[in-house]
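Here is the structure we will look at, set down as structure tokens.
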Amino acid sequence: MNILIFGPNGSGKGTQGAIVQKKFGVAHIETGVIFRENISKGTELGKKAKGYIDRGELVPDEITVPMILNRLKEDDCKDGWLLDGFPRNLAQAEALYEALEKEGIKLDYVIEIELDRQTSKNRIMGRRLCANDNNHPNNIYIDAIKPAEKDGTFVCRVCGGELSARADDQDEAAIGKRHDIYYDTETGTTAGINYFKDRAVVIGVDGKPGVKEVSEELLEKLG
Ligand code: AMP
């Protein structure tokens with residue numbers, strides 16, 4: 001099963017992605033996670049990507065597209081993948097679709113989590129990352145995944161691990177830029193989603209309700 005998942009930053013895309021990934025047992029590939037790992041390890045790729053990420057801009061396609069197309073060739077992707085954070089614009093959507101066509105790889109589903117810009121922004125500012133596991137979602141503004149408290153500080157609600165906020169999550173200008181890219185219907189992410197509408201099965205779900213309601217609707221639509 002090969003799946004793309006779209007949703008504005010703050011829509012719960014990572015959370016829903018983890019649920020879908022578990023259900024189908026596919027590799028979960030998150031572009032942002034790959035970049036952040038490279039930044040923390042100080043790799044060449046990380047050094048190249050850091051400035052763009054800090055400003056809320058896209059890392060150039062010349063870097064991102066080959067990185068992802070190569071990642072999809074790795075062993076763990078043989079039984080399927082869930083791609084999150086890529087494509088992020090129309091050019092990446094076209095490059096991915098053409099590469100898949102060439103390799104004879106079927107795109108089974110394209111998931112779109114729909115959420116308005118203001119709600120997405122509030123959710124981003126409340127998001128916290130677990131030091132132990134990237135699939136432990138915490139958000140101080142969403143009751144269902146509110147962190148636990150220990151000695152007056154927030155800790156991961158799943159494992160009690162240390163929490164941190166991503167610098168780009170607290171920067172309103174950067175959030176604005178990321179949303180400008182996402183909601184752009186000309187060349188941005190929404191243009192990329194629209195590109196798939198007559199090329200794959202696109203499943204739209206309302207991202208407004210709680211995690212459980214959204215995942216129920218999503219899993220039902222995935223069949
Ligand atoms: P995310 O964790 O998905 O919000 O990604 C964090 C940052 O990584 C983005 O704001 C971009 O700077 C960069 N990034 C992630 N995915 C892509 C992509 N497909 N193309 C270019 N840059 C990306």
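One-based numbering, in listed order, for ligands and for the atoms of each.
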**Prompt:** Among R178, R128, R123, which one satisfies salt bridge (Lys or Arg N to Asp or Glu O under 4.0 Å) with D169?
**Reply:** R178
**Under 4.0 Å to a heavy atom of R166 - the qualifying atoms of ligand 1, by number** = 1 (P), 2 (O), 4 (O), 6 (C)
**Message:** Does only the side chain of R178 get under 4.0 Å from ligand 1, or the backbone, or both, or neither? Count heavy atoms.
**Reply:** side chain
**Request:** Look at D116 together with K208 and state whether they make a salt bridge at an N to O cut-off of under 4.0 Å.
**Result:** yes
**Request:** Would you mind checking which non-hydrogen protein atom is closest to atom 23 (C) of ligand 1, with the distance to 0.1 Å?
**Result:** F35 CE1, 3.7 Å
**Item:** Pi-cation contact, Y52 with R55 (under 6.0 Å, within 45°)
**Value:** yes
**Message:** Does this structure show an ion pair linking K102 with E98, if we count only N-O contacts that are shorter than 4.0 Å?
**Reply:** no
**Proximal candidate to atom 16 (N) of ligand 1 [heavy atom criterion; set G85, G51, A91]** = G85
**Message:** So if I count the atoms of ligand 1 from 1 in the order they appear, which ones are less than 4.0 Å from some heavy atom of E57?
**Reply:** 11 (C), 12 (O)
**Asked** Closest non-hydrogen protein atom to atom 22 (N) of ligand 1, residue and atom name please, with distance?
**Response** V59 N, 3.0 Å
**Fill in**
Looking only at protein heavy atoms, what sits closest to atom 15 (C) of ligand 1 is R88 NH1, 3.6 Å
**Request:** Kindly work out whether a path of hydrophobic side-chain contacts (I/L/V/M/F/W/Y, heavy atoms less than 4.5 Å apart) joins L4 to V205.
**Result:** no
**Request:** Please work out whether any backbone atom (N, CA, C, O) or any side-chain heavy atom from C-beta onward of T64 is under 4.0 Å from ligand 1, and answer side chain, backbone, both or neither.
**Result:** side chain
**Request:** Please state which part of N9 comes within less than 4.0 Å of ligand 1, counting heavy atoms only: side chain, backbone, both or neither.
**Result:** side chain
**Message:** Taking the side chain as everything from C-beta on, heavy atoms only, tell me whether T187 gets closer than 4.5 Å to N89.
**Reply:** no
**Nitrogen or oxygen atoms of G56 and ligand 1 under 3.5 Å apart** = no
**Item:** Exercise: do Q21 and D84 side chains pair donor with acceptor under 3.5 Å
**Value:** no
**Request:** Would you mind listing which atoms of ligand 1 come within a distance below 4.0 Å of any non-hydrogen atom of R36?
**Result:** 2 (O), 6 (C)
**Message:** Keeping T185 on the side-chain end and A191 on the backbone end, is there a donor-acceptor pair under 3.5 Å?
**Reply:** no
**Fill in**
In ligand 1, the atoms that come under 4.0 Å of a heavy atom of Q92 are 18 (C), 19 (N), 20 (N), 21 (C)
